[in-house]
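Written below as structure tokens is the structure these notes are about.
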Amino acid sequence: MQPAHKGEEIQRCQLSSREIAQFDEAHCVDADVCAARGNDDETHEHGTADYHASECTLRHAMADTTTPTTEASTVIVENGEEIVKVHKMKLPNGTNQTYLNGPDQIIPADDYVSCTPGGYVKLRMESRGVASEPPVSVPGLLSRTAARYPDATALATKKNGQWHKITYKQYQERVRTIAKGFLKLGLERYHSVGILGFNSEEWYIADLAAIHAGGYAAGVYTTNSPDACYHCLESSRANICAVQDKKQLEKILSVRSKLKHLKAIVQWEGPVDTSVQGVYSWEQVMEMGAKEPDTQLNSILKGMAVNECCTLVYTSGTVGPPKAVMLSHDNLTWDAFSISERVGDLAPTYDRLVSFLPLSHVAAQVVDIYTTLMNAVPVFFAQPDALKGTLVETLKEVRPTRFLAVPRVWEKMYEKIMAVGASSGTIKRSIALWAKDRSMKHHEARMNGLEGMGCGYRIARTLVFSKVRDQLGLDQCETFVTAAAPLSPDIKKFFLSLDIPIVDAFGMSETAGAHTLSIYPKLKLDSSGEILTGTETKFGGAMSPNGPGEIMMRGRHVLMGYLMDEEKTKATIDDEGWLHSGDIGRVDSNNLLYITGRIKELLITAGGENVAPVLIEQTIQTQLPHVGYAVLIGDRRKFLSVLLTLKAKINTETGDPLDELETETRKWVASLGCEAKTISEIVKNKYPAVHKAIEEGIARANKQAISNAQKVQKFAILPSDFSMNTGELGPTLKIKRNVVYEKYKDIIEEFYKD
Ligand SMILES: Nc1ncnc2c1ncn2[C@@H]1O[C@H](COP(=O)(O)OP(=O)(O)OP(=O)(O)O)[C@@H](O)[C@H]1O
């Protein structure tokens, strides 16, 4: 890999007055370009630079047909410091662009990969189609949207029973004010602002302000322990950490002495103890920023480029410590553009989104922050206890038009609907069965390219499904998406039978969000979505070009690298720029991607058989609906075993799982003749009837196994269900296998002791 560099210096000269005049002319050209791009608002400066040019550096980029090329590039340096740049670029789509300064300029680079703070990368643009879209920076995008839709609602927060809304113009003003506040607090270029809290207006503003001020926005999961917070803040050289409340503040204070770069902590909610050195309230930083002149901020924006890093996304850490994925402006804004193109008709006057998934995760970030910003769509914030039960209330109020959830959220909804269905009378149940049958037939026909089922379906839709959708707050929703982990086809089928077609989006932190997204009716229940236009996919080690093999991806959404980790970067992005996903999959003739396993999760039994655990775990869960989680064991072991949790009630205050069985689980246990009310009773008493029922469920699942080695031979019921707080689940509710293996190593050893 080449070290990141800012271009090759080929000539130095003193600027003459004629050159200065030419430079002024270029200024005006840029003003036109800015206006054409919609950047012509009062905060976007052009044609006003106050400069005293003393040196000029000409730079050339390497010729490449799929990356913008620099026709001419001038850099004005004053007292050893670059103050302005003019780039005349030829984009692969044939158009010429003149960039005067940032933030939308492309700085010449000679590699697609860089893991150095301050490094630039080439852009993988195409001559036509979605990937030929001119790049735009995050500040450029905010300026453009605020200029085009100044009065459209951007963010809405519920306080004391009322929705408080801010417009896109106010959003931009607040971002700029907090950015100046961050600079005053000492944010340095290419250092991060850690953001630790539930989704809120302040989260969004801190994120964009960090980027405007030339730093890196780095979301930190609220469920992180103090040590995990330390890992994110120290590895990203955080100067500032923005925290939601006292609870998060205390975590940071407990590791603060070790954080070498940290200068300030900003708390946005609740009473703030500003007597603690270096702790500031949000309002204080707003006041600080409001007093600062624009000079420093504008000068940083002028130096910014679309092809440099603006955000660090930490991976979920499902198999090891989280890695800091460097995403450029173009990675994020282009992925948001590409998603918008696939969805097709996102509009500020029509669409609404509820933000509740953790924003530190890339899926929520690209959809909730960037796709909405790109299309001036309003975002409504859910309550912090959304996943503990209040989400549906918010959905009912906001009635979003698009809804993205991770599999566990869909699974919880499924469980709720099943519970309601089980307690309804016979007549209602038969109407529901008839309606579901109509819906399945209708959607199966549509998915196979045929006409829908007409009259019966329409009656079912009016009489039954509209009520279900009302109950979920999804009556106006047009796009239902699952992302971040596999969702079982059975759950998708269940929702389809309720007239809710869930489409899949597959992606990674390393692809700035989505690499696939299906749009109804182009979907298959076992597929992970249609590959986004303008991206490339191939399958490593495959016998056929369509896989199965390791999914490898290329495009403008592929990460720059892992921050300051050349070894991991090299291991993940090969010399031709292909990102090795670690997932195994194939593609069909409709460009739908199917994921069949994860290399990093693959179990290789002592007999040498490769076993992908997710499918087997899902099959067991389908056979045993009262099992919360199933975790397959068998790596380097003689046979497969499985750890099971039983569904338990949740402490709604803390989110911790309780010992008490969920109502439906208790009913199931009672139907087997057991009186148990808690998991501990079941674990302690080892009721033969419960064990027999589980054995039978596993035996049914084993019938679907593709070989004897893929059959599960032993199981154990764990003493507690999983949760984020107790560490077995990651922030998107994916199982952290290493945590489960470590926590239950004694039970695992017991399986194999003979
Ligand atoms: N729609 C989907 N269907 C199936 N799997 C998915 C889907 N979307 C994402 N994934 C899985 O999630 C992975 C990306 O998740 P993420 O970027 O959060 O990091 P991670 O791989 O979970 O964490 P780490 O790399 O730290 O272990 C993908 O590689 C894939 O295995």
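Index from 1, following the sequence.
A cation-pi arrangement, defined by a distance under 6.0 Å to the six-membered ring centre and an angle within 45 degrees of its axis, is present between Arg124 and Tyr112. In this structure, Lys568 is not positioned above the aromatic face of Tyr562 in the sense of NZ or CZ being under 6.0 Å from the six-membered ring centre and within 45° of the axis.
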### Task
Step by step, work out the side-chain contact (heavy atoms from CB on, under 4.5 Å) result for Met374 and Arg144.
CA-CA 9 Å; Met374 178 143 287; Arg144 187 170 84 183; 4.1 Å; yes
### Query
Please walk me through it: do Leu359 and Ile195 pass side-chain contact (heavy atoms from CB on, under 4.5 Å)?
CA-CA 9 Å; Leu359 287 169; Ile195 310 167; over 6 Å; no
### Task
Might you work through the salt bridge (charged side-chain N to carboxylate O under 4.0 Å, His left out) test for Glu742 and Lys736, ending with a clear yes or no?
CA-CA 10 Å; Glu742 181 55 31; Lys736 288 188 163 187; over 6 Å; no
### Message
Run the side-chain contact (heavy atoms from CB on, under 4.5 Å) test on Asp565 and Cys115 for me, step by step, so that the C-alpha distance in whole Å, both residues' side-chain angles and the decisive distance to 0.1 Å come before the verdict.
### Response
CA-CA 6 Å; Asp565 194 338; Cys115 51; 5.8 Å; no
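Of the possible donor and acceptor atoms, none in the side chain of Ser338 sits under 3.5 Å from a partner among the backbone N and O of Trp334. A donor-acceptor pair is defined here as one N or O able to donate and one able to accept, closer than 3.5 Å; such a pair exists between the side chain of Asn331 and the backbone of Val558. A side-chain donor-acceptor contact under 3.5 Å links Thr511 to the backbone of Met508. Looking at Lys524, its side chain never comes within 3.5 Å of a backbone N or O of Leu592 through a donor-acceptor pair. Formation of a donor-acceptor pair under 3.5 Å by the Asn239 side chain with backbone atoms of His261 is found in this model. Looking only at distances, a side-chain donor or acceptor of Lys492 sits under 3.5 Å from a matching main-chain atom of Leu525. Side-chain atoms of Ser137 do not come within 3.5 Å of backbone N or O of His329 as any donor-acceptor pair. Within the 3.5 Å criterion, the main-chain N or O of Val113 finds a donor-acceptor partner in the side chain of Asp111. Looking at Ser509, its side chain never comes within 3.5 Å of a backbone N or O of Val313 through a donor-acceptor pair. His231 contributes a side-chain N or O that, together with a main-chain N or O of Pro322, makes up a donor-acceptor pair within less than 3.5 Å.
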Show me the donor-acceptor pairs within less than 3.5 Å that the side chains of residues 212-224 make with the rest of the protein, sequence neighbours left out.
unit_1	atom_1	unit_2	atom_2	d
His212	ND1	Leu208	O	2.8
Tyr216	OH	Gly118	N	3.3

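Separation of atoms NZ (Lys302) and CD (Gln105) is listed at 11.5 Å; rounding is to 0.5 Å. In this structure, Thr605 OG1 and Asp635 CG are separated by 9.0 Å, a value rounded to the nearest 0.5 Å. For the atom pair CZ (Arg586) and OH (Tyr594), the distance works out to 5.5 Å, reported to the nearest 0.5 Å. Taken from CG in Leu142 to OG1 in Thr333, the straight-line distance is 12.5 Å, to the nearest 0.5 Å. Going from atom CD of Glu510 over to atom NE2 of His515 covers 13.0 Å, rounded to the nearest 0.5 Å. Within the model, atoms CD1 of Ile633 and CG of Leu603 stand 7.5 Å from one another, a figure rounded to the nearest 0.5 Å.
Scanning for side chain to side chain donor-acceptor pair (under 3.5 Å) contacts around Tyr230 gives an empty result, with sequence neighbours left out.
Within 6.0 Å of atom CG in Leu579, more than 12 heavy atoms from other residues, nucleotides or ligands are found, so the atom counts as buried in its surroundings. When the shell of 6.0 Å around NZ of Lys493 is examined, it contains 12 or fewer heavy atoms from other residues, nucleotides or ligands.
In terms of heavy-atom proximity, Pro407 sits nearest to Ala485 at CG-O, 3.2 Å. The two residues Phe539 and Met552 make their nearest non-hydrogen contact at C-SD, 4.4 Å. Shortest non-hydrogen contact noted between Val481 and Ile502 is C-CG2, 4.1 Å. Taking each heavy atom of Val121 and Ser114 in turn, the nearest pair found is CG1-N, 3.7 Å. Residues Val306 and Pro135 come closest through the heavy atom pair CG2-CB, 3.9 Å. Residues Ala505 and Leu517 come closest through the heavy atom pair CB-CD1, 4.0 Å.
Tested against Tyr629 for a side-chain hydrogen bond (donor to acceptor under 3.5 Å, both in side chains), the candidates Gln621, Glu728, Arg408, Glu617 yield a single pass: Arg408. Screening Val138, Asn307, Leu123, Asp335 for a side chain to side chain contact (heavy atoms under 4.5 Å, CB included) with Asp330, the sole residue that qualifies is Leu123.
Neither side chain, Ser518 nor Asp504, offers a donor N or O lying under 3.5 Å from an acceptor on the other. Under 3.5 Å, the side chains of Tyr190 and Thr116 contain no donor-acceptor pair of N or O atoms. Judged by distance alone, the side chains of Arg342 and Thr533 do bring a donor and an acceptor atom under 3.5 Å apart.
Remark: aromatic rings of Phe480 and Phe403 are distant, center separation not under 6.0 Å.
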